[in-house]
Amino acid sequence: MDKILNNKIFIAIAIALIVLLVFVQNGATPLWDEDESAYAGFAKTMLETGNWLIPDFLWSDIHRKTPLHFWNIAISYNFFGISEFATRLSSSLSVLLTLFLLFFWGKNIFGKNESLLAALILGSSFLVPTLGKIAVTDATLLLFQTAAVLAMGNFLFQPSAKWRWIFWIAIALGVLTKGPPILILTFGMGFFLYFFHENGKNLLGLRPWFGLPLALLPLGVWGWLAWQQDGGELVSMLWDWYVLSRIGLGSSDVSTWTGPPGYYLAVLLAAFFPWLIFFPSALWDLFKNYKIKTGVIPFLMAWILFGWIIYEILPSKLPAYTLAAHPAMAILLAKQILKLNELKVDYKNIYKLSAVLFLFLSFGLAVAVIFYCGTYFEKIGFQSAVPVATVLWVGSFAGVIGIFGKRVDWSFIALFFMGILFNLLSWVFVIPLTYDSFSTTKKVAAKCAEIAPDKNREVIFYLETKNLLPSLPFYISYNFKNYNSIGKLEKVLPKINSNQPLLLITDDGKIEKLKKAFEEKGETLPAHEVVEGWSLDRLQDKKMYIFKIN
């Protein structure tokens, strides 16, 4: 394994593939509704209005958060123009920086080989690289969480002012990105390590009585300025929605975002699918040593406990909540691979059983990809799925052969390239098959620009509440500055009957009401364009109708 990890050609190829994976198709993939579109809208509004305090965009109130991520997107827009690529740029860079820190700051704690191997494992996993392709807050938060935890780890073993400042800066940026999650992670870990690590008292040197108020100061300044502007509406909403309601004390219902016990274990298994062979033994080796109070084992245990386990008991569940634990899981997998390669652990049946199970799962996933693409996209879908399935078949078989042949280095290479190429080929061949269907709102905006080149024309959205997708006004705003949403027919009709140029966009849920109103006047619906596609968040087909009035 040393030869592989010290091979500059292999490392250069691996880095190039990870970078390519993170950036590929970022400019071609339409915005994923709803969060990504809302964040893009917030950033666009900030840039246009100069109001960088209050996130504001049509149909996006529920998606408001602390503002750092929106600022990042707005800055990207300022330099590169408004586009899907620019929207995702800060998330893409955050993923790459997370991998960079895992190696460069992690090697002081875990060793060079373990940290490098962990960065490669994380970069070839299924979830973390994907965060660079969707402009949600999670990649940015993961960067600061990883920075804070690694700074804490370095301080735990070798206290210095450098790591103290890095820790609190990361905390400040983390809370300005998404509020409490970074505090739950780091303070939970600190409390655990204080009592269960022989160096735990070193953490008092972080001076939380001074550092925490200082770290919260940027958030406090932003909150105070936002409060002055809107009378506390935004800050009160964030406190209720993102803090109190998550623990069952707020006024909002988050019960629809839930899952059974073990939900996050399933998320981790799916995220680290290429490395499932080593997953059971990695966790077992960690928790069987729960009594150890020295070295990195208690540190990793604290990381897993407050990055993952604690969220299993909370009622509100979304896949991204436990992302903080993914770098820790990558470290555990790296440790397991190195131990196995050096024959420091026995080749027990668990490895062979895991390898066989992994082989069946890989074959099943490959068949599912071919079946899905062939069924829904016919011949072109089948042709696109074959390279993806082939990578799974060949990579998983080669990885399993390496395990049974006691050549873990071969197994690592096979599984790494399988993970990277499966992701990469999926984004190049399979996912683009869906673009035409889920880019409904983008196609509506393009059709509007085609039939009404006049950018001063007013655009009215008359839509069912369940179809209020922020990507529609975002794409419309490329060509039209005056757009508005009206939910009641009695307010829409006067607009239609006026002599002002108008574009009216409606959907299946409202078209019948509009048709009936015209029939009552002895008229038929005006000529209109129809665009069909998916409402991606709700996975349902829909039609949207575009009327050019006057």
Side-chain angles (χ1 to χ4, degrees), residues 31-74 87 134-138 140-141 144 171-185 215-258 311 314-321 461 463 465-474 477 484-487 537-538:
L31 292 179
W32 304 87
D33 278 308
E34 295 175 3
D35 297 59
E36 185 181 41
S37 302
Y39 302 159
F42 291 151
K44 188 172 184 293
T45 302
M46 288 177 175
L47 207 59
E48 291 172 347
T49 65
N51 183 350
W52 292 68
L53 296 175
I54 308 293
D56 182 48
F57 194 65
L58 189 61
W59 305 331
S60 301
D61 284 356
I62 196 173
H63 301 292
R64 293 181 295 176
K65 292 179 175 67
T66 46
L68 182 59
H69 182 62
F70 316 142
W71 293 346
N72 289 342
I73 298 174
T87 302
I134 306 174
V136 291
T137 55
D138 302 304
T140 307
L141 178 63
F144 298 135
I171 294 289
L173 296 173
V175 295
L176 203 54
T177 300
K178 205 174 180 178
I182 195 170
L183 298 177
I184 295 171
L185 173 68
L216 294 179
L217 184 60
L219 179 68
V221 171
W222 166 78
W224 182 80
L225 292 173
W227 191 291
Q228 301 306 306
Q229 191 170 118
D230 70 356
E233 178 186 346
L234 174 60
V235 173
S236 299
M237 172 265 172
L238 295 180
W239 177 253
D240 179 77
W241 179 251
Y242 290 107
V243 180
L244 298 181
S245 294
R246 306 297 167 176
I247 58 176
L249 300 177
S251 62
S252 303
D253 181 16
V254 296
S255 60
T256 55
W257 299 332
T258 187
Y311 287 97
L314 294 181
S316 178
K317 287 181 170 63
L318 284 174
Y321 284 0
F461 305 123
L463 305 169
T465 303
K466 64 181 180 180
N467 287 334
L468 302 182
L469 302 178
S471 60
L472 179 56
F474 181 81
S477 68
N484 191 22
S485 177
I486 299 178
D537 279 349
R538 301 165 185 87

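This structure is a prediction, so every number in the text was calculated from the model and none was measured.
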Kindly indicate whether the side chain of [X], heavy atoms from C-beta on, has any atom under 4.5 Å from the side chain of [Y].
X    : Y    : value
I73  : E36  : no
P67  : L176 : yes
L472 : L463 : yes
Y311 : P181 : yes

Side chain to side chain donor-acceptor pair (under 3.5 Å) against [X], all qualifying residues, sequence neighbours excluded:
X    : value
K178 : D138
T66  : none
T137 : none
S60  : none

Mind checking side chain to side chain contact (heavy atoms under 4.5 Å, CB included) for [X] and listing every partner two or more places apart, or none if nothing turns up?
X    : result
V235 : W227
A40  : L31, Y77, T87, F474
L225 : L53, V221

Under 3.5 Å, is there a donor-acceptor pair between the side chain of W71 and the main chain of W52?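 Yes; at least one donor-acceptor contact below 3.5 Å.
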Testing the basics here: between A172 and P218, what is the closest heavy-atom pair and its distance to 0.1 Å?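 Residues A172 and P218, closest heavy atoms: CB-CG, 4.4 Å.
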Quick check: closest heavy atoms across P470 and A38, and the distance to 0.1 Å?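 The answer is CB-N, 3.9 Å.
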To the nearest 0.5 Å, what is the distance between [atom1] on [X] and [atom2] on [Y]?
X    : Y    : atom1 : atom2 : result
I171 : L216 : CD1   : CG    : 8.5 Å
W222 : I54  : CH2   : CD1   : 6.5 Å
F144 : L173 : CZ    : CG    : 4.5 Å
M46  : F42  : CE    : CZ    : 8.0 Å
K65  : L238 : NZ    : CG    : 9.0 Å

Residue pairs, two or more places apart or on separate chains, that pass side-chain hydrogen bond (donor to acceptor under 3.5 Å, both in side chains) and touch residues 229-239: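 Pairs touching residues 229-239 that pass the test: N51-Q229.
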Looking at residues at least two apart in the chain, or sitting in another chain, which of them share a ring-ring contact (aromatic ring centres under 6.0 Å, His included) with [X]?
X    : answer
F461 : W59
Y39  : H69, F70
F57  : none

If you look only at pairs with a residue in residues 45-59, which of them pass as a salt bridge (charged side-chain N to carboxylate O under 4.0 Å, His left out), with sequence neighbours excluded?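 Checked against salt bridge (charged side-chain N to carboxylate O under 4.0 Å, His left out) - neighbours excluded - the pairs reaching residues 45-59 are K44-E48.
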